[in-house]
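Here's the structure we're looking at; comments come further down.
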Amino acid sequence: MTATPAVHTIKQVLSTTGCGLGDAVEVRGWIRTRRDSKAGLSFLQVHDGSCFDSLQVVAPGDLPNYADDVQRLTTGCSVVCRGVLVESRGKGQSVEMQATEVNPVGWVEDPDTYPVPAKRHTFEYLRDVAHLRVRTNTFSAIARVRHCLAQAVHRYYHEHGFYWVHTPIVTGSDCEGAGEMFRVSTLDLENLPRDPSGQIDFSQDFFGRETNLTVSGQLNVESYCLALSKVYTFGPTFRAENSNTSRHLAEFWMIEPEIAFANLDDDADLAEDFLKYIFRALLEELPDDMGFFRDRIDATCIDRLEAFVESSFERMDYTDAITLLEKAVAGGHTFDFPVRWGIDLQSEHERWLTETHVGRPVVVMNYPRDIKAFYMRQNDDGRTVAAMDVLAPGIGEIIGGAQREERLDVLDARIAEMGLDAEDYGWYRDLRKYGTVPHAGFGLGFERTIAYATGMANVRDVIPFPRTPRSAAF
RNA sequence: UCCCCUGUAGCUCAAUUGGUAGAGCGAGCGGCUGUUAACCGCUAGGUUGCUGGUUCGAGUCCAGCCGGGGGAGCCA
């Protein structure tokens, strides 16, 4: 009576960790391809998501269910395989399983209609079958990269003394900045309650007020920063902007650290150190997946990340960036949008700075106050604020951050100047009344980070189930 | 929201000045093979996104609608 073989992941089997050649093991997964040999055996490529590579399972023709089961296996079927690990006699893998049992678990009922057969597909098509696209090489690799980077984010902050703060998903609308938001309501859309003046009566809504999905955890995380010193959020955020680009999602994940007793330079230091840390982790932990992206998606992605973690970010003042752009124009370069001090940098300007002029990430700092948000700290020159954007080649703005205005009188003046109602910012102003300190933070778009790291061209393909205008299937 | 491109077999694409809708891949069957982007043969598979218009005749031209992609703006 042979003992039941121990269950192993394909990652363990291929790296012979916890098992070795000659061991009897069990693996569980899905068929990628089946190749029959009339020598009387079949080769099954089995993947289970534990690593990039699949395991070659050699099913001999004398298995009792060879004709009834093994030869009917098609791409997508799930199986439990038992057998002995042996050195492969073929090329393409060093270890394979000589199977003693191949047990189908779930069949593909009609191989002709299986949405992801073993052939090339466009990413556009695969978005229509997002529930199955993760069975492909590309999307399982993306899932592992996403996990790796998310773990690295938490590890970095944990190791550096930051606390992860769970800021709310549903927020009162008062303290949010500009930008379209998704309303959260339990009111009956067919029969909205009205007050005497005919306005919708939100006092009858679930929260007794207007509420929306968060567009940023920043304001909330500032409050925790001013008690815990170093904090961050990492969670979903929602923008109802009708943005149709390869860089925007209606639902995306954002990382927002906030540090107390800190200025804009500290903020830029943090951004640089943090990004290098997570990319270094990715290069070290997922060489196989990154190798796939290099070979099939973007030949330069590994070189780019290696250069990224080795070189220092270029830092320049907005004013100097404008001067550089003006010199480029004087030298014959043409932009669609004119360059002058005071404009917000257009995508073409940012691309020129990071791709053409510098060739690596650039931190642009100290923007004109008139084009930035009310909470950004005013500089002594009276015309700029301590804001920064990190621009990366190929993806554009990846980080937006600022030192926050910690002086109540200056903040109030700014609120009034922008036509906002100070009453709406009561709790936020309290943070300046009671033990205020200089503090700063930034927001990093997680999907843009993944796209940058892998060379994937569209953020819709680096999140499992993308939400975009007119698209929320699954 | 604006500009451009686009919609033909399960998927990726052909189809000349408007004139009988094709191929590759995938799938099924057979052959061959310790195979691995396999290879060879056969077979199945289509109201050409929808609605209307022009025409003897529309995949092709026109209008509207719907979907997809790229860019811009906004931003992360």
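Each chain gets a letter, A, B and so on, in the order its sequence line appears, and its residues count up from 1. Computed from heavy atoms alone, side chains included, the values below leave out hydrogens, waters and symmetry copies.
Taking atom CG of residue A:D389 and atom P of nucleotide B:C75, one finds them 10 Å apart after rounding to whole Å. Following rounding to the nearest Å, A:E397 (CD) and B:C75 (C1') show an atom-to-atom distance of 6 Å. Across the protein-nucleic acid pair, A:Y114 atom OH and B:G45 atom P stand 25 Å apart, rounded to whole Å. Rounded to whole angstrom, the span from the NZ atom of A:K91 across to the P atom of B:A37 amounts to 12 Å. In this structure, the CG atom of A:D36 is 14 Å from the C1' atom of B:G28, given to the nearest Å. Here the P atom of nucleotide B:A38 and the CZ atom of A:F43 are 13 Å apart, to the nearest Å. When rounded to the nearest whole Å, the span between CG of A:D128 and C1' of B:G69 equals 12 Å. Look at CZ on A:F335: it is 14 Å from P on B:A72, rounded to the nearest Å.
Taking only side-chain atoms of A:P111, from C-beta outward, the nucleotide of B:U35, B:A27, B:C74 with the closest atom is B:A27. When each of B:G24, B:C74, B:G68 is scored by its nearest atom to the side-chain atoms of A:S471, the top-ranked nucleotide is B:G68. Listed nucleotides: B:G34, B:C75, B:G69. Nearest to the side chain of A:L41: B:G34. When each of B:A72, B:G68, B:C75 is scored by its nearest atom to the side-chain atoms of A:D344, the top-ranked nucleotide is B:C75. The listed nucleotides are B:G71, B:U36, B:C75; the one nearest the side chain of A:R239 is B:C75. Of the candidates B:G28, B:G34, B:C11, B:C11 carries the atom nearest the A:H121 side chain, counting heavy atoms from C-beta on. If you check B:C11, B:U35, B:G73 against the side chain of A:S347, the one that comes closest is B:G73. Distance from the side chain of A:P117 is smallest to B:G26 among B:G26, B:U1, B:C74. Closest to the side chain of A:Y125, out of B:G68, B:G73, B:G10, is B:G10. Considering only side-chain atoms of A:R35, the nucleotide from B:G68, B:G26, B:U36 that sits closest is B:U36.
Within the nucleic acid shown, A:T122 comes within 4.0 Å of sugar-phosphate atoms alone, with no base atom in reach, counting heavy atoms only. Within 4.0 Å of A:R351, counting heavy atoms only, lie sugar-phosphate atoms of the nucleic acid but no base atom. Residue contacts shown for A:G443 are limited to sugar-phosphate atoms, with no base heavy atom under 4.0 Å away. Within 4.0 Å of A:S42, counting heavy atoms only, lies no atom of the nucleic acid at all. Residue A:R127 is classed as a sugar-phosphate contact, given heavy-atom separations below 4.0 Å to backbone atoms only. Residue-level contact check: A:L249 touches the bases, meaning some heavy atom is under 4.0 Å from a base atom. The residue A:T237 sits apart from the nucleic acid: no heavy atom pair falls under 4.0 Å. When heavy atoms are screened at a 4.0 angstrom cut-off, A:Q98 is found touching base atoms of the nucleic acid.
For B:C56 and B:G69, the P atoms lie 40 Å apart once the distance is rounded to whole Å. A gap of 15 Å separates the P atoms of B:A9 and B:G45, to the nearest Å. Going from the C1' atom of B:A58 to that of B:C50 covers 16 Å, rounded to whole Å. Separation of the P atoms belonging to B:G49 and B:A14 is 14 Å when rounded to the nearest angstrom. Comparing B:C4 with B:U8, their C1' atoms are spaced 22 Å from each other, to the whole Å. Of the P atoms belonging to B:C13 and B:A72, the separation is 23 Å, rounded to the nearest Å. Spacing of P atoms, B:G10 relative to B:A44, comes out at 15 Å, to the nearest Å. Here, B:C75 and B:U6 have their P atoms 32 Å apart, quoted to the whole Å.
No hydrogens or angles were tested; on distance alone, a donor-acceptor pair under 3.5 Å links the side chain of A:Q93 to the base of B:U35. For a distance-only test at 3.5 Å, the side chain of A:E96 qualifies as a donor-acceptor partner of the base of B:G34. Interface remark: the A:D112 side chain does form a donor-acceptor pair with the B:G26 base, using a distance-only criterion of under 3.5 Å.
Mapping A:V58 and A:D110 onto RNA chain B via the closest heavy atom, the residue that lands nearer the 5' end is A:D110. Checking A:S243 against A:S37, the closest nucleotide of RNA chain B that is more toward the 5' end is the one next to A:S37.
No donor-acceptor contact under 3.5 angstrom links the side chains of A:Y125 and A:R120, judged on distance only. Side chains of A:Q151 and A:R146: no donor on one and acceptor on the other come within 3.5 Å.
Rounding to the nearest 0.5 Å gives a distance of 8.5 Å between CD1 of A:I10 and CE of A:M97.
Anti is the classification of B:U51, since its glycosidic angle lies more than 90° from 0.
At a threshold of 4.5 Å between non-hydrogen side-chain atoms, the residues A:V105 and A:V79 do not count as touching.
For B:U20, there is no paired nucleotide, since no Watson-Crick or G-U wobble pair has both relevant distances below 3.5 Å. For B:G67, the paired base is B:U6 (Watson-Crick or G-U wobble, both distances below 3.5 Å). Across all strands shown, B:A15 remains unpaired; no Watson-Crick or G-U wobble contact has both distances below 3.5 Å. The partner of B:C61 is B:G53, judged by Watson-Crick or G-U wobble contacts that both fall below 3.5 Å. When both pairing distances are held under 3.5 Å, B:A72 makes a Watson-Crick or G-U pair with B:U1. Across all strands shown, the partner of B:C39 is B:G31, judged by Watson-Crick or G-U wobble contacts whose two distances both fall under 3.5 Å.
The phosphate of B:G10 (OP1 or OP2) has no side-chain N or O of A:R120 nearer than 4.0 angstrom. Distances shorter than 4.0 Å separate some side-chain N or O of A:R460 from OP1 or OP2 on B:G70. Between A:Q56 and B:U35, a side-chain N or O to OP1/OP2 separation shorter than 4.0 Å is absent. One finds no side-chain N or O of A:R34 lying less than 4.0 angstrom from the OP1 or OP2 phosphate oxygen of B:U36. Taking only side-chain nitrogens and oxygens, A:R89 never comes nearer than 4.0 Å to OP1 or OP2 of B:U35. A sub-4.0 Å separation between OP1 or OP2 of B:C3 and a side-chain N or O of A:N244 is absent.
The aromatic rings of A:H349 and A:F335 sit perpendicular, their planes meeting at an angle over 60°, well past the 30° parallel limit. Ring-plane geometry between A:F238 and A:F182 is classed as perpendicular, the angle between the planes exceeding 60 degrees on a 0 to 90 degree scale with a lower cut at 30. Using a 30° and 60° split on the angle between ring planes, A:Y232 and A:W164 fall in the parallel class, below 30°. The aromatic rings of A:Y318 and A:Y367 sit tilted relative to each other, their planes meeting at an angle between 30° and 60°. Ring geometry for A:Y428 against A:F374 counts as perpendicular: the plane angle is over 60°, on a 0 to 90° scale with 30° as the lower cut. Using the six-membered ring where Trp is involved, A:F442 and A:F274 have ring planes that are tilted, between 30° and 60° apart.
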